[in-house]
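Input: a single structure, listed below in C-alpha coordinates.
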Amino acid sequence: MTASENDDMARGYDQVVLSRRSIRGYKPDAVPRKLIEEIIGLAMRSPSSMNVQPWNFYVITGEPLNRIRAGNTERMVAGVPQSREFRTGQAFEGKHRDRQVGVAKQLFAAMGIERDDKLARTDWVLRGFRQFDAPVCVIITYDRVLDGSDDTPFDCGAVATALVNAAWSRGLGTVINSQGIMQSPVVREHAGIADDQVIMKSIALGWPDDDFPANAVVSERKSVDEAAVFIGFDD
(Lines give C-alpha, C1' and ligand atoms only; values in the text may rest on other atoms or scores of the structure.)
Protein backbone atom coordinates (compact mmCIF):
# COMPACT_ATOMS: atom_id res chain seq x y z
CA MET A 1 0.00 0.00 0.00
CA THR A 2 1.37 3.41 -0.98
CA ALA A 3 1.76 6.37 1.36
CA SER A 4 -1.04 8.14 -0.54
CA GLU A 5 -3.36 5.17 -0.09
CA ASN A 6 -2.51 5.08 3.63
CA ASP A 7 -3.35 8.77 3.92
CA ASP A 8 -6.67 8.27 2.12
CA MET A 9 -7.55 5.37 4.43
CA ALA A 10 -6.67 7.39 7.52
CA ARG A 11 -8.78 10.34 6.37
CA GLY A 12 -11.73 8.05 5.69
CA TYR A 13 -11.47 6.43 9.11
CA ASP A 14 -11.06 9.78 10.83
CA GLN A 15 -14.15 11.12 9.10
CA VAL A 16 -16.27 8.20 10.31
CA VAL A 17 -15.07 8.46 13.91
CA LEU A 18 -15.21 12.25 14.17
CA SER A 19 -18.58 12.66 12.46
CA ARG A 20 -20.41 9.79 14.18
CA ARG A 21 -22.95 10.70 16.81
CA SER A 22 -25.72 8.87 18.64
CA ILE A 23 -29.01 8.88 16.74
CA ARG A 24 -32.24 8.96 18.76
CA GLY A 25 -34.76 9.66 15.99
CA TYR A 26 -35.22 7.38 12.96
CA LYS A 27 -37.08 7.15 9.71
CA PRO A 28 -39.48 4.17 9.57
CA ASP A 29 -37.77 2.80 6.43
CA ALA A 30 -36.65 -0.82 6.60
CA VAL A 31 -32.95 -1.70 6.67
CA PRO A 32 -31.99 -4.55 4.29
CA ARG A 33 -30.85 -7.72 6.03
CA LYS A 34 -27.89 -8.05 3.66
CA LEU A 35 -26.61 -4.62 4.72
CA ILE A 36 -26.87 -5.54 8.40
CA GLU A 37 -25.02 -8.79 7.76
CA GLU A 38 -22.26 -6.82 6.06
CA ILE A 39 -22.00 -4.45 9.04
CA ILE A 40 -21.87 -7.28 11.59
CA GLY A 41 -19.24 -9.06 9.50
CA LEU A 42 -17.06 -5.96 9.61
CA ALA A 43 -17.65 -5.47 13.34
CA MET A 44 -16.48 -9.00 14.07
CA ARG A 45 -13.01 -8.09 12.85
CA SER A 46 -12.67 -6.44 16.27
CA PRO A 47 -9.94 -7.79 18.53
CA SER A 48 -10.90 -10.05 21.38
CA SER A 49 -8.90 -11.50 24.22
CA MET A 50 -7.04 -14.57 22.93
CA ASN A 51 -9.44 -14.59 19.94
CA VAL A 52 -12.25 -15.95 22.12
CA GLN A 53 -14.92 -13.93 20.23
CA PRO A 54 -17.53 -14.15 23.01
CA TRP A 55 -20.18 -12.12 21.17
CA ASN A 56 -23.40 -13.11 19.47
CA PHE A 57 -26.05 -10.92 17.84
CA TYR A 58 -29.85 -11.10 17.84
CA VAL A 59 -31.12 -8.76 15.12
CA ILE A 60 -34.80 -7.90 15.58
CA THR A 61 -37.29 -5.97 13.48
CA GLY A 62 -41.01 -5.90 12.67
CA GLU A 63 -43.61 -7.39 14.98
CA PRO A 64 -41.18 -9.12 17.39
CA LEU A 65 -39.51 -5.76 18.01
CA ASN A 66 -42.89 -4.09 18.51
CA ARG A 67 -43.74 -6.70 21.16
CA ILE A 68 -40.46 -5.98 22.96
CA ARG A 69 -41.16 -2.25 22.89
CA ALA A 70 -44.64 -2.76 24.29
CA GLY A 71 -43.53 -5.19 26.97
CA ASN A 72 -40.63 -2.98 28.09
CA THR A 73 -42.87 0.07 28.33
CA GLU A 74 -45.78 -1.65 30.07
CA ARG A 75 -43.56 -3.21 32.73
CA MET A 76 -41.60 -0.03 33.42
CA VAL A 77 -44.76 2.10 33.67
CA ALA A 78 -46.24 -0.52 36.01
CA GLY A 79 -43.20 -0.20 38.27
CA VAL A 80 -41.71 -3.64 37.61
CA PRO A 81 -38.09 -3.51 38.83
CA GLN A 82 -35.51 -3.49 36.06
CA SER A 83 -33.73 -6.78 35.37
CA ARG A 84 -30.69 -6.01 33.23
CA GLU A 85 -28.29 -8.93 33.16
CA PHE A 86 -25.05 -6.96 33.47
CA ARG A 87 -23.72 -5.14 36.52
CA THR A 88 -24.38 -1.41 36.57
CA GLY A 89 -22.37 -0.54 39.67
CA GLN A 90 -23.01 2.44 41.91
CA ALA A 91 -24.81 5.61 40.85
CA PHE A 92 -22.49 8.11 39.18
CA GLU A 93 -20.98 10.87 41.31
CA GLY A 94 -18.62 13.78 40.80
CA LYS A 95 -17.25 14.34 37.30
CA HIS A 96 -18.94 11.21 35.96
CA ARG A 97 -22.32 12.46 37.13
CA ASP A 98 -21.49 15.87 35.65
CA ARG A 99 -20.95 14.30 32.23
CA GLN A 100 -24.17 12.31 32.49
CA VAL A 101 -26.13 15.44 33.39
CA GLY A 102 -24.28 17.45 30.75
CA VAL A 103 -25.39 15.34 27.82
CA ALA A 104 -28.94 15.20 29.20
CA LYS A 105 -29.01 19.00 29.25
CA GLN A 106 -27.78 19.09 25.65
CA LEU A 107 -30.52 16.68 24.56
CA PHE A 108 -33.32 18.40 26.48
CA ALA A 109 -32.26 21.78 25.11
CA ALA A 110 -32.27 20.44 21.55
CA MET A 111 -35.74 18.92 22.05
CA GLY A 112 -37.10 22.00 23.84
CA ILE A 113 -37.89 20.02 26.98
CA GLU A 114 -38.09 22.31 30.00
CA ARG A 115 -36.82 21.28 33.42
CA ASP A 116 -40.32 21.25 34.97
CA ASP A 117 -42.01 19.51 32.02
CA LYS A 118 -42.47 16.11 33.65
CA LEU A 119 -44.66 14.77 30.84
CA ALA A 120 -42.09 15.51 28.15
CA ARG A 121 -39.27 14.12 30.29
CA THR A 122 -41.20 10.92 30.93
CA ASP A 123 -41.93 10.56 27.22
CA TRP A 124 -38.23 10.95 26.50
CA VAL A 125 -37.35 8.16 28.95
CA LEU A 126 -39.99 5.89 27.42
CA ARG A 127 -38.39 6.40 23.99
CA GLY A 128 -35.36 4.58 25.37
CA PHE A 129 -37.47 1.62 26.43
CA ARG A 130 -38.83 1.57 22.86
CA GLN A 131 -35.30 1.54 21.40
CA PHE A 132 -35.99 5.08 20.19
CA ASP A 133 -38.51 3.69 17.69
CA ALA A 134 -35.70 2.50 15.42
CA PRO A 135 -36.70 -0.08 12.79
CA VAL A 136 -33.99 -2.50 13.96
CA CYS A 137 -32.60 -3.50 17.33
CA VAL A 138 -29.36 -5.45 17.66
CA ILE A 139 -28.98 -7.29 20.96
CA ILE A 140 -25.40 -8.19 21.80
CA THR A 141 -25.07 -11.24 24.03
CA TYR A 142 -22.13 -13.29 25.23
CA ASP A 143 -21.70 -16.96 26.01
CA ARG A 144 -22.79 -17.66 29.59
CA VAL A 145 -19.85 -20.00 30.20
CA LEU A 146 -17.68 -16.87 30.11
CA ASP A 147 -19.70 -15.03 32.77
CA GLY A 148 -17.44 -13.48 35.39
CA SER A 149 -14.59 -12.74 32.99
CA ASP A 150 -13.77 -9.03 32.76
CA ASP A 151 -12.32 -9.64 29.29
CA THR A 152 -15.73 -10.66 27.99
CA PRO A 153 -17.62 -7.33 28.41
CA PHE A 154 -14.47 -5.52 27.25
CA ASP A 155 -14.55 -7.55 24.03
CA CYS A 156 -18.28 -6.92 23.60
CA GLY A 157 -17.62 -3.20 23.95
CA ALA A 158 -15.03 -3.40 21.19
CA VAL A 159 -17.41 -5.16 18.80
CA ALA A 160 -20.20 -2.70 19.64
CA THR A 161 -17.93 0.24 18.81
CA ALA A 162 -16.93 -1.35 15.52
CA LEU A 163 -20.58 -2.04 14.69
CA VAL A 164 -21.76 1.54 15.23
CA ASN A 165 -18.86 2.91 13.19
CA ALA A 166 -19.45 0.45 10.35
CA ALA A 167 -23.14 1.38 10.33
CA TRP A 168 -22.33 5.10 10.27
CA SER A 169 -19.95 4.64 7.35
CA ARG A 170 -22.92 3.28 5.37
CA GLY A 171 -25.32 6.08 6.23
CA LEU A 172 -27.05 4.30 9.11
CA GLY A 173 -27.46 5.72 12.60
CA THR A 174 -27.24 3.92 15.91
CA VAL A 175 -27.39 4.48 19.63
CA ILE A 176 -26.03 2.03 22.17
CA ASN A 177 -28.84 1.64 24.63
CA SER A 178 -29.37 -0.06 27.99
CA GLN A 179 -33.00 0.92 28.56
CA GLY A 180 -34.09 -1.36 25.73
CA ILE A 181 -32.94 -4.42 27.67
CA MET A 182 -33.94 -3.35 31.18
CA GLN A 183 -36.75 -5.91 31.15
CA SER A 184 -34.73 -8.94 30.13
CA PRO A 185 -37.60 -11.50 30.37
CA VAL A 186 -39.48 -9.54 27.71
CA VAL A 187 -36.43 -9.39 25.45
CA ARG A 188 -35.65 -13.08 25.94
CA GLU A 189 -39.20 -14.14 25.15
CA HIS A 190 -39.72 -12.18 21.95
CA ALA A 191 -36.16 -12.39 20.61
CA GLY A 192 -35.84 -16.09 21.42
CA ILE A 193 -32.54 -15.57 23.22
CA ALA A 194 -31.00 -18.88 24.25
CA ASP A 195 -30.48 -19.71 27.91
CA ASP A 196 -26.75 -20.13 27.31
CA GLN A 197 -26.47 -16.41 26.46
CA VAL A 198 -26.17 -13.35 28.73
CA ILE A 199 -27.76 -10.14 27.41
CA MET A 200 -25.09 -7.44 27.34
CA LYS A 201 -26.36 -4.42 25.37
CA SER A 202 -28.85 -3.30 22.75
CA ILE A 203 -28.13 -1.08 19.77
CA ALA A 204 -30.92 0.78 17.99
CA LEU A 205 -30.21 0.97 14.27
CA GLY A 206 -31.84 2.64 11.28
CA TRP A 207 -31.80 5.54 8.85
CA PRO A 208 -31.40 8.86 10.73
CA ASP A 209 -34.27 11.32 10.68
CA ASP A 210 -32.47 14.58 9.92
CA ASP A 211 -35.46 16.59 11.18
CA PHE A 212 -35.25 15.11 14.69
CA PRO A 213 -33.54 17.82 16.80
CA ALA A 214 -31.63 15.55 19.19
CA ASN A 215 -29.82 13.95 16.27
CA ALA A 216 -27.75 17.12 15.88
CA VAL A 217 -26.36 16.84 19.41
CA VAL A 218 -22.67 16.04 19.62
CA SER A 219 -21.72 15.03 23.14
CA GLU A 220 -18.69 16.72 24.65
CA ARG A 221 -15.45 14.80 25.15
CA LYS A 222 -12.66 15.40 27.63
CA SER A 223 -9.31 16.30 26.09
CA VAL A 224 -6.36 14.00 25.44
CA ASP A 225 -4.46 15.95 28.11
CA GLU A 226 -7.15 15.03 30.65
CA ALA A 227 -7.33 11.39 29.63
CA ALA A 228 -3.76 10.34 28.79
CA VAL A 229 -0.49 10.12 30.71
CA PHE A 230 2.65 9.94 28.55
CA ILE A 231 5.73 8.36 30.10
CA GLY A 232 9.29 8.30 28.72
CA PHE A 233 8.75 10.78 25.87
CA ASP A 234 11.31 13.52 25.23
CA ASP A 235 8.82 16.29 24.42
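Values reported hereafter were calculated over all heavy atoms of this structure, with side chains retained and with hydrogens, waters and symmetry mates removed.
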Side chain to side chain donor-acceptor pair (under 3.5 Å) contacts touching residues 20-35 (sequence neighbours left out): Arg33-Glu37

Using the side chain to side chain contact (heavy atoms under 4.5 Å, CB included) criterion, which residues pair with Arg99? Sequence neighbours excluded. Lys95, His96, Lys222

Distance alone, cut at 3.5 Å: any donor-acceptor contact between the side chains of Trp168 and Ser19? yes

With sequence neighbours left out, write down each residue that passes side chain to side chain contact (heavy atoms under 4.5 Å, CB included) with Glu220, or none if nothing qualifies. Gln106

Interatomic distance, CG@Asp116 vs CZ@Arg121, rounded to 0.5 Å, equals 8.0 Å

Show every ring pair (Phe, Tyr, Trp, His ring centres under 6.0 Å) that has at least one partner inside residues 209-235, sequence neighbours left out. Phe230-Phe233

How is the hydrophobic cluster of Val218 composed, in terms of its other members, when Ile, Leu, Val, Met, Phe, Trp and Tyr link through side-chain heavy atoms under 4.5 Å apart, directly or indirectly? none

Contacts of Ser219 meeting side-chain hydrogen bond (donor to acceptor under 3.5 Å, both in side chains) (sequence neighbours excluded), chain-then-number -> Arg221

What is the distance from atom OG of Ser202 to atom CD1 of Ile176, rounded to the nearest 0.5 Å? 9.5 Å

CD1 of Ile199 to CD1 of Ile193, rounded to nearest 0.5 Å, is 4.0 Å

Co-members of Met182 in a cluster of I, L, V, M, F, W and Y side chains, linked at under 4.5 Å: Met76, Val77, Val125, Leu126, Phe129

Donor-acceptor pair, side chain of Thr73 and main chain of Ala70, under 3.5 angstrom: no

Roughly how far, to the nearest 0.5 Å, is the CD1 atom of Ile68 from the NE2 atom of His190? 7.0 Å

What are the two closest heavy atoms between Phe86 and Ser178, and how far apart are they? CZ-OG, 3.6 Å

Look only at the side chain of Gln131 and the backbone of Asp133, and say whether a donor-acceptor pair between them is shorter than 3.5 Å. no

Would you give the length of the straight line joining atom CE of Met44 to atom CD1 of Ile39, rounded to the nearest 0.5 angstrom? 12.5 Å

Heavy-atom side-chain proximity of Pro54 to Ser48 below 4.5 angstrom: yes

What heavy-atom pair brings Asp117 and Ala120 nearest, and what distance separates the two atoms? OD1-N, 3.1 Å

Contacts of Asn51 that satisfy side-chain hydrogen bond (donor to acceptor under 3.5 Å, both in side chains) - sequence neighbours left out: Gln53

What is the distance from atom CG of Asp98 to atom NZ of Lys105, rounded to the nearest 0.5 Å? 8.5 Å

Identify each donor-acceptor pair in which a side-chain atom of residues 144-164 lies under 3.5 Å from a protein atom, sequence neighbours left out, and give them as a table.
unit_1	atom_1	unit_2	atom_2	d
Arg144	NE	Asp195	O	2.8
Arg144	NH2	Asp195	O	3.3
Arg144	NH2	Gln197	O	2.9
Asp147	OD1	Tyr142	OH	2.7
Ser149	OG	Asp151	N	3.2
Ser149	OG	Thr152	N	3.4
Ser149	OG	Thr152	OG1	3.4
Asp151	OD2	Ser49	OG	3.3
Asp155	OD1	Ser49	N	3.2
Asp155	OD2	Ser49	N	3.1
Thr161	OG1	Gly157	O	3.0

Could you list who else is in Ile231's hydrophobic cluster, with ILVMFWY side chains joined at under 4.5 Å, directly or through other members? Val229

Residue set satisfying side chain to side chain contact (heavy atoms under 4.5 Å, CB included) with Ala109, at least two apart, ordered chain then number -> none

Side chains of Asn215 and Asp210: any donor to acceptor distance under 3.5 Å? no

Thr88 meets the side-chain hydrogen bond (donor to acceptor under 3.5 Å, both in side chains) criterion, sequence neighbours left out, with none

To check you understand the geometry: which heavy-atom pair defines the closest contact between Asn165 and Val16, and what is its length? O-CG1, 3.5 Å

